[in-house]
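Beneath this line is the structure, given in structure tokens, with notes to follow.
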Protein chains: 2
Amino acid sequence: MPTPYHHGSLRDSLLEAGRRQLLEEGVASLTLRGLAKRVGVSHSAPLRHFDDRDALLDAIAAAGFAELISELESAAGLSSLRARLTQYARAHARFALESGPLLELMFSVGPGGGAAEESAARFFALGGELLGERADRESGPLPYLLAATLEGIGSLVASGRLPVERVDEVVDEAVSMLLPAVEARLSS
Amino acid sequence: MPTPYHHGSLRDSLLEAGRRQLLEEGVASLTLRGLAKRVGVSHSAPLRHFDDRDALLDAIAAAGFAELISELESAAGLSSLRARLTQYARAHARFALESGPLLELMFSVGPGGGAAEESAARFFALGGELLGERADRESGPLPYLLAATLEGIGSLVASGRLPVERVDEVVDEAVSMLLPAVEARLSS
DNA sequence: CACATATGTAGACGGTGACTACATTGGTGC
DNA sequence: GCACCAATGTAGTCACCGTCTACATATGTG
């Protein structure tokens, strides 16, 4: 039989199809019914796996954070602080370039959300680690500033207002600006 | 007669009602029909003034940029560069705090848009002026970095991930970081 | 192998954007 | 003045969407 009654991995298929739809046609085009048709199930089948459309978006965003985090972690091994920061920032910018609408979704889902918010917390914690934040002292403004700068660059990239060929230049300038403050913080 | 056939200023009323709806209930709650009802016209009347829902959002975003720009211009008169930068950044952060969803809308409408994109261009030009950019030489990465940093902070503020009581601290740190690079650029 | 549960289907309902045809108004040229 | 026309608002309609409910089928556990 070509299409068994039970799909088998409908949840994953919906997440993947949703991700594709998001990246290709934008978040507005992402409808539960459209995804259902695309995956080959009835129009209400997605509701068995996601309470509503927002829950699906939340799950897609959570997966996006996981993906972003795994790319950012490529910076952890590098020896110098500058190299780590640069690699971290470049990975973030690259993600924005390749998955703009997804990044936009990830940062538009505010706190109070579900799974995405947990993943977001890990993302912010990762930035803190990069800056040498420790639990035994108060965190300064730097983690926020790092996150803001990267997210801002990502937003400009995703919206196309920052030309692709100038991304590296801006990222490098950002790192050069952040570095002194981070070094001061680390040596204190 | 209480309700004349012609509203008289329907376009403005829709913009204002749309702005209120956006700020109070979020962009998802903003529907043409809801606005029409709220303003007291028939469900299809808004289409006489806006081609579609996106056109309305675009117009609201354009008005938002005009508003933001007028607040940012309060920094132009200050004497020291640091004071100008600080005032500029604080005004931006305050706007994010008071009109988060509007700011989010303004920066989610990518280029290729209509009226909003013109206003956005003036916004970016204003940042360039603050940094002493001139038409007679190529612009460096600084204008982008300034815009990215402020937009990133604004996004964190609007989403609630940056606690309100820490906004000033982060803004000041951002200014302190940007300042040396800007001074170097200006004196060259 | 019975039966509870998870998963998928089919139909319905109200809300929404957008299109069309029609009604009313205000301004312009004569 | 006034005939005409473009601008503005109305009413009806259609397809699409999210979501709910009742029902069908598969799965796995005692």
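Naming: A, B, ... by sequence-line order, numbering from 1 per chain.
- A 4.5 Å side-chain heavy-atom check between A:E67 and A:L102 finds at least one atom pair inside the cut-off.
- The backbone N or O of A:G34 sits less than 3.5 Å from a side-chain atom of A:T31, completing a donor-acceptor pair.
- In this structure, A:D54 places its CG atom 14 Å from C1' of D:dC17, rounding to the nearest Å.
- Spacing between atom CZ of B:R53 and atom P of C:dT16 amounts to 10 Å, rounded to whole angstrom units.
- Listed by residue number, the members of residues 21-52 of chain A with any heavy atom below 4.0 angstrom from DNA chain D are A:T31, A:L32, A:R33, A:H43, A:S44, A:L47, A:R48, A:D52.
- Between the A:R53 side chain and the A:L30 main chain, a donor and an acceptor come within less than 3.5 Å of each other.
- Between B:E133 and B:R185 the shortest side-chain heavy-atom distance falls below 4.5 Å.
- Within the 4.5 Å cutoff, side-chain heavy atoms of A:L15 are placed close to those of A:F50.
- For the side-chain contact (heavy atoms from CB on, under 4.5 Å) test, residues two or more places apart in sequence or in another chain that qualify with B:A83 are B:L78, B:S80.
- Using bins of under 30°, 30° to 60° and over 60° for the plane-to-plane angle, the ring pair B:F107/B:F123 lands in the perpendicular bin.
- Summarising the geometry, the separation between CG on B:L14 and P on D:dT8 is reported as 12 Å, rounded to the nearest angstrom.
- A:L23 and A:P101 get closest at one heavy-atom pair: CD2-CD, 4.0 Å.
- Overall bending of the helix from C:dC1-D:dG30 to C:dC30-D:dG1, expressed as the angle between end axes built from five pairs apiece, is 10° (10° steps).
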